[in-house]
Structure formats: C-alpha cells, structure tokens
Amino acid sequence: MNIKILYFARIKEAVNYSTEEITLPNDIFTVTALKNYLSLRGDIWADLFNGKQVVRAAINHELVDNLANIKSGDEVAFFPPVTGG
Amino acid sequence: MNIKILYFARIKEAVNYSTEEITLPNDIFTVTALKNYLSLRGDIWADLFNGKQVVRAAINHELVDNLANIKSGDEVAFFPPVTGG
Amino acid sequence: MEDFEVGFELNKMRLANPSIGALVSFVGQVRDVNESDTVNTLTLEHYPDMTEKALAAIENEAKTRWDIIDSLIVHRIGTLKPQDQIVLVVVSGAHRSEAFKACEFIMDYLKTSAPFWKKEATNQGEHWVEAKLTDDAARARWKQ
Amino acid sequence: MEDFEVGFELNKMRLANPSIGALVSFVGQVRDVNESDTVNTLTLEHYPDMTEKALAAIENEAKTRWDIIDSLIVHRIGTLKPQDQIVLVVVSGAHRSEAFKACEFIMDYLKTSAPFWKKEATNQGEHWVEAKLTDDAARARWKQ
C-alpha cells in the first residue's frame, strides 16, 4: 500500500527528509511495524526508530499510539514530543 | 475613650451615617461590646447589630473578628460582606 | 474612576522583565443581566484608606506563596454600566503554573476581603448585591 | 507569523457578549535565558495541517468540560527573539472559576498535544528544546 510520511523537527533534520511517499510491504499495518521497517534503512534510522528515544506518531493529523493501524492513503507523521506554548 | 466609626454600603444607608466620632464608656473594649452599645440607639441599630445579620468590622483598616480589642483613637469600620471584583 | 487599558497594562508588565515567560490576567466585566434582572448601572463603593492596604496585603501573600515576578490589581469604583470593565488582575512569572494559581488566588481573596460593595440599579429599583457563598468557598480552598 | 495585539483580542471577545463576566488570558513570552544559556532566537516549527485540528480539539474539550462562553488560541510560528510573544489563550465565561480552569487546561494540553517544536539559538549553537516532564504532569492532572 502507498502512504505519505512526514517528519518534523529533530527527526526531520536527522533523516534529512521532510516528506516522502512510499509503497509499503503488505505486512506493515501498525505504527510499530512501520517504525521497524524504517529502521532497516541504516544507523540513523535505526537510532531513531528502535524505541530508545521517544518518537510520537500521528495518522491523518491525529496523535496515535504505536498499535494504531495504517491503511493505504494515510498521512503518517513522526515527530519528537511537542514543545510549543 | 474616643474613637471614630465609619459605616459603608447597606449599613451606611440604614443608619444614615457615614462617619461619626464618639466617646465610649470605659467598659466597651471589644467589637462585640461596641455593637451591643450601638444597638441601644434604637430599632434600626438593634436590627443591624444584634447578630442576626452579618456585619464585618475593621479596626484601623484591618479586618477583625468580634473579639478584637478597641483602644482609644482607633478607626472602627462596620460594613456588610464585601462584593467587589 | 477612569477605565484601564488591558493591552497597555499587560504589555507594560511583560516588557519590563525579560525573564517573564508567563503572564496570566483576569478582567471582570459588568454583565447585562444578574440574577434574571436587567442591570442598568452598577455602582461600586469602597473604603479608600483600607482598600490600598487590603490589595497590597493580597499581593504580598500571593508573592509569598508562589514564585511569581510581578502582579497588578486595578479595581474601578463609581458608577459603571453593562460591559464596562470592573477589575483587572495581572500576574507574571517564569512559568505558567505559578502565575495561574497566584492570579486566581488574588481574585478569590479580593472578592472576599477587599472593601468594595456593589449596588445594582435595575428596572425594579436599586439594591445592594449580596455576597455569594461560592466566593467564600473559593477562598476557603486556599487556606493553609 | 505576525504578532498579536493582546488588548485588541481581549476587548474583542469581551465586548462581543454582554453575559461575559470573566475573561482569563495567558500570554507566553520568549525568555532571554533558558537553562542558563542566553537565547538569541527561538524558532517555532509546526505541522500546519494538524495544528488547526489539534487546537480546535483542545478548545472543544475545554467547552465540554467547563461552562465557558468563548475561547481563542493564537500561536506564533517562525523565528522569534527574547520578549516576543509566543502564544495567547483567552477564555471568557459568566464566572471566573470556570474561565480560570479552562484557560489553564488549554495551555496544559497545548503544551503536550499541539504539534509545535521550539529550536533555540544561543551563543553555544542551536538546539531543539526538550519536552519537559513537568508539562506531562500538568496535563495528567486533567485526566478524567
């Protein structure tokens, strides 16, 4: 399935992407599975997504937890804990 | 002893005084005693100071309770519960 | 008593100190209807010599209890009409939590210990506003 | 993003409704020193499509929980300097207690669930501001 991924703040700078559209294998249907899949891209990705640092996720502009389901056409965003206000 | 008494709001209107200077008998040395003494002036005064309605007192600009001591030269104020803000 | 300009007061306090991170304010407005009567005017009487001391004591107590930087209380007196401003409280601090608590504390104490009295004029006549038990309860929360 | 004029926003909300008796506001200011470093600039990044929904959700939740009349959130983005305003929250209601709670609730939720990120530039270089555990704790107080 095809999804769009957005990266923000520290994570955007680390992976050097702000947005990408990718085609996922069919067995990637949770946030955790997507994080594990992205970890395979190399050390920088693994450091971010192996669970040692807090990476928040949103699907279609709603904060979600790691068990949330991803479906085709979704906009998934990864970002550090927010620090506005 | 001589004291000054100020009246505010509903109480000022009821007694038709805003301020007076009076000489008290020597046995009047608490707020309660002063209230009882003023009650003797007539029905309006008795209604106000017989304890059936809440009358707050201040001595020299500090809120006090009924047991507070009054001394010569004090400025005593009587007023209803405050309603500012 | 002359009106206050809330933007001017907030900016003045904020810009006076670059370590201020949080500014909390309260503005009270004369409502058009109180207890189902239409309010024409609201007249505020006070006890001038006591007012200044009472407000200073409330601000000092707030500064003792919370880590705040500055505070301001402006209370109007005289005759006001619906939608006039009555009172302004501003509290600044490094962080928001202390500023919020101190601002609400100041309002709760002002409502119950500063010598102001409100008289409403409605079409049914004039009457003194009664003190509210909810204000006593609000103040009681802060007892130490 | 353009600055806001706090006096204008407060007066606009207050004067729009004569049943408003209480108006509580919070203004956040960029501090000159954060964690002992002098701040030269503070840059706010956000997630535009999500920001609007997140702020609306926070305001709706506040309106569900408390008896308030209106609310406003303005959050600046882009590069700011010390003493610039960052954020404005205004809540109005008939009575002060509900307005105070709703305003503090909105700030606590904004701090922990609205997609904004701060990057500080100091003489020691640039770094992303770390999220604070005290903000998570502040939010946790409101859990139902």
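Below, each value reflects all heavy atoms present in this structure, side chains not excepted, and no hydrogens, waters or symmetry copies. The chains referred to below are lettered A, B, ... by the order of the sequence lines, with proteins before strands, and numbering in each begins at 1. These numbers come from a predicted model, not from an experiment.
- With hydrogens and angles disregarded, a donor-acceptor distance shorter than 3.5 Å links the side chain of D:Q29 to the backbone of C:I20.
- With rounding to the nearest 0.5 Å, the separation of SG in D:C103 from CZ in C:F100 is 4.0 Å.
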Checking C:Q83 against D:L15 for the side chain to side chain contact (heavy atoms under 4.5 Å, CB included) test, could you report, in this order, the C-alpha distance in whole Å, the side-chain angles of both residues, the deciding distance, and whether it holds?
CA-CA 7 Å; C:Q83 301 221 267; D:L15 294 171; 4.3 Å; yes

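- Looking at C:A94, both its backbone and its side chain come within 4.5 Å of chain D, counting heavy atoms on both sides.
- Two residues are said to be in side-chain contact when any heavy atoms from C-beta on lie closer than 4.5 Å; D:V24 and C:S25 fail this criterion.
- Looking at C:N11, only its side chain comes within 4.5 Å of chain D, counting heavy atoms on both sides.
- Of all the heavy atoms in D:R96 and C:A138, the pair that sits closest is NH2-CB, 3.9 Å.
- Contact tally against chain C (heavy-atom pairs below 4.5 Å) for D:G21, D:S97, D:S92, D:A99: the top residue is D:G21.
- For a residue to count as touching a neighbouring chain, one of its non-hydrogen atoms must lie under 4.5 Å from one of that chain's; by this rule C:K132 touches chain D with the side chain only.
- Of the listed residues (D:E9, D:Q85, D:E104), the greatest number of heavy-atom pairs within a distance under 4.5 Å of chain C belongs to D:E104.
- Only the side chain of C:L10 comes within contact range of chain D, with heavy atoms under 4.5 Å apart.
- Among the candidates C:V90, C:V89, C:N34, C:D108, the residue making the largest number of heavy-atom pairs closer than 4.5 Å to chain D is C:D108.
- When heavy atoms are compared at a cutoff of 4.5 Å, D:A22 approaches chain C by way of both its backbone and its side chain.
- With a 4.5 angstrom heavy-atom cutoff, D:E5 touches chain C only via side-chain atoms.
- Between D:D84 and C:R14 there is no salt bridge, since none of the side-chain N atoms of the basic residue sits less than 4.0 Å from a carboxylate O of the acidic one.
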